[in-house]
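This report concerns only the one structure given below.
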2 protein chains.
Amino acid sequence: MASATHVAKREDSLTRGERKNLTRNGLLQAALNLIGEGRSFTSLGIREIAREAGIVPNAFYRHFRNTDELGLALVEEVGITLRRLLREARQVGEEESEMVRRSVLVYQHYVKQNRLLFLFISSERAGGSRILRLAIRNEVSHFTHEMAQDFRRLGAYEGLSTSSLQMICGLVVTAMLGAAPEILDLPAEQPLLEAEMTEDFVRQLQLILLGASCWRDQPPALLTSSRKRPKQL
Amino acid sequence: MASATHVAKREDSLTRGERKNLTRNGLLQAALNLIGEGRSFTSLGIREIAREAGIVPNAFYRHFRNTDELGLALVEEVGITLRRLLREARQVGEEESEMVRRSVLVYQHYVKQNRLLFLFISSERAGGSRILRLAIRNEVSHFTHEMAQDFRRLGAYEGLSTSSLQMICGLVVTAMLGAAPEILDLPAEQPLLEAEMTEDFVRQLQLILLGASCWRDQPPALLTSSRKRPKQL
DNA sequence: ACTTTTAGTGGACAAGTGTACACAATGCAG
DNA sequence: CTGCATTGTGTACACTTGTCCACTAAAAGT
């Protein structure tokens with residue numbers, strides 16, 4: 001407020017490209033903000049986004065041809081965000097006591113911290129424009145892949161084939177993404193509900209991993225005539 | 001086409017309530033149709049729906065106060081649809097050879113048969129209006145509950161506590177609903193991709209049920225100090 | 001020092017939206 | 001048979017929307 005011309009070289013003298021990127025990010029953030037206010041991305045309009053970003057509607061076209069293209073840019077951020085999540089998750093270490101629970105806590109915290117992006121993923125993953133859907137699914141697929149690699153790196157489930165490992169990670173990711181909306185819809189400051197949800201989520205993941213530790217890749221075709229198992233499957 | 005006044009008592013002489021229900025269903029179907037054409041429910045407008053239903057925009061208000069209320073009516077249909085699904089699934093019988101695979105095939109067929117409704121569920125379950133989201137989640141929760149009861153009735157997993165059984169069914173349902181959009185997005189007539197997806201889905205469910213059959217409800221607190229398990233969890 | 005590029009502005013237009021009001025037709029209760 | 005309630009119509013109004021065009025200012029290239 002006091003000295004503006006003194007050290008203000010940060011706000012003032014920017015190369016053109018930097019400025020452009022600045023308002024571009026402004027647009028992305030504006031879209032996310034609107035999503036955070038309950039609007040669904042698919043129903044967002046150019047004018048709406050531009051208004052929220054504080055620019056005139058026409059300027060939108062200097063950055064994106066239409067809202068779908070902006071959506072794709074958001075999907076790219078989703079990719080980065082998921083990669084960071086994996087990096088954070090790796091830091092819970094491979095020491096295994098309570099590992100699942102700690103991972104779940106990290107995940108929940110991460111989802112809340114990146115609320116808007118996860119709102120975006122969750123809703124556009126199944127709804128809205130086909131292009132966005134596929135792009136997100138692609139990003140999620142990458143995420144699943146990397147998770148499987150991490151498992152390998154940790155030396156877990158070494159007996160499993162790569163395809164089985166990916167199938168398992170796919171299930172884990174499905175559970176994670178399925179839990180995201182419930183995390184985000186939690187009524188603020190309800191520690192009871194949250195703890196309950198957490199516990200349920202933890203148990204679900206434990207169940208998956210328990211199944212994984214029992215899983216055996218069928219050599220050729222073994223299940224086609226599974227003779228008399230106790231009472232399951 | 002030919003004889004109109006002869007047997008046309010079906011189209012012509014209807015009690016008022018019946019007629020009302022007819023156009024009401026017309027509105028519901030219209031919304032679903034639009035969803036089927038790629039539009040997302042949240043972005044549907046009153047005029048749009050009314051136009052598709054073949055009535056004047058204002059007549060919409062004779063049936064619903066706004067689009068959200070129509071959405072709630074759709075959620076009710078979702079409930080009925082899910083209940084029917086359970087009924088069909090029960091008919092695969094408890095004879096267990098290939099039971100999972102057959103259930104998956106039933107499910108896939110059912111999703112394709114009720115394409116529009118599942119499109120609606122999938123996208124509104126995580127996105128759009130909070131009221132709709134919660135309503136759908138409620139319906140899904142009912143579904144999970146009934147599925148758990150069915151397991152009980154079949155005498156499967158008798159060793160498990162009710163809460164564990166529900167946790168497991170929750171996971172199954174999450175996997176099912178997560179698979180729905182992928183089923184619906186399948187490029188038409190690509191038997192390779194479809195078979196691959198089916199197989200993956202089957203294995204995921206088998207993994208869950210395998211985990212379930214190994215699962216033991218922890219007596220008091222056993223996992224808090226799980227001493228030295230091989231290399232999993 | 002000049003020209004060129006380009007991010008952002010401003011105004012305009014046709015089209016679409018939600019909703020309010022007055023009205024028409026008709027099944028139904030008295 | 002008559003009057004009422006209710007389903008659906010038509011018109012109208014104030015807004016919002018996407019996009020076109022002409023324009024400014026200033027950074028970047030020469």
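Every chain is numbered from 1 and lettered A, B, ... according to where its sequence line falls, protein lines coming before strand lines. Since the structure is predicted, the reported quantities are computational estimates derived from the model, not experimental observations.
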Output, in order, the C-alpha distance, side-chain angles, deciding distance and verdict of side-chain hydrogen bond (donor to acceptor under 3.5 Å, both in side chains) for A/Ser129 and A/Asp68. CA-CA 8 Å; A/Ser129 113; A/Asp68 263 21; 3.2 Å; yes
Rounding to a whole Å, what distance do you find between [X]:[atom1] and [N]:[atom2]?
X       : N      : atom1 : atom2 : value
B/Arg19 : C/dC28 : CZ    : P     : 10 Å
A/Glu18 : C/dG8  : CD    : C1'   : 18 Å
A/Leu27 : C/dA7  : CG    : P     : 12 Å
B/Phe60 : C/dT17 : CZ    : P     : 13 Å
B/Lys20 : C/dT26 : NZ    : C1'   : 15 Å
B/Phe64 : C/dT19 : CZ    : C1'   : 18 Å
B/Asn66 : C/dA20 : CG    : C1'   : 16 Å
B/Arg65 : C/dT19 : CZ    : P     : 11 Å

Using a cut-off of under 3.5 Å, enumerate the N/O to N/O pairs linking the protein to nucleotides 1-5 of chain D.
| residue | atom | partner | partner atom | Å |
| --- | --- | --- | --- | --- |
| D/dA5 | N3 | B/Arg16 | NH2 | 3.4 |

When B/Gly17 and B/Ile46 are each assigned the nearest nucleotide of DNA chain C, the 5'-most assignment goes to B/Ile46
Is there a side-chain polar atom (N or O) of B/Thr15 under 4.0 Å from OP1 or OP2 of C/dC28? yes
Distance test, side-chain N/O of A/Thr23 to OP1/OP2 of C/dG8, below 4.0 Å: yes
Rounded to the nearest 0.5 Å, what's the gap from CD on B/Gln149 to CG on B/Leu165? Could you check? 10.0 Å
Spacing of OG belonging to B/Ser103 relative to CD belonging to B/Gln108, to within rounding of 0.5 Å: 11.5 Å
Where do A/Thr42 and A/Glu124 land on the side-chain hydrogen bond (donor to acceptor under 3.5 Å, both in side chains) test, with the steps shown first? CA-CA 8 Å; A/Thr42 323; A/Glu124 297 310 306; 3.2 Å; yes
Between D/dG18, C/dT19, D/dT17, which nucleotide has the shortest distance from any of its atoms to the side chain of B/Arg47? C/dT19
From the candidates C/dG8, D/dT19, D/dA12, the one with an atom nearest any side-chain atom of A/Arg62 is C/dG8
Option passing side chain to side chain contact (heavy atoms under 4.5 Å, CB included) with B/Ile35 (candidates B/Leu119, B/Leu117, B/Leu116): B/Leu119
Please report the shortest heavy-atom distance between B/Ala31 and B/Leu44, naming the atom on each side. O-CD1, 3.8 Å
What's the shortest heavy-atom distance between A/Met99 and A/Leu154, and which atoms? CE-CD1, 4.3 Å
Does the distance from a Lys or Arg side-chain N to an Asp or Glu carboxylate O, for A/Glu52 and A/Arg39, drop under 4.0 Å? no
Is a salt bridge present between A/Arg83 and A/Glu139, judged by a nitrogen-to-oxygen distance below 4.0 Å? yes
Give the residues of residues 51-59 of chain A touching DNA chain C, defined as any heavy atom closer than 4.0 Å, sorted by residue number. A/Ile55, A/Val56, A/Asn58, A/Ala59
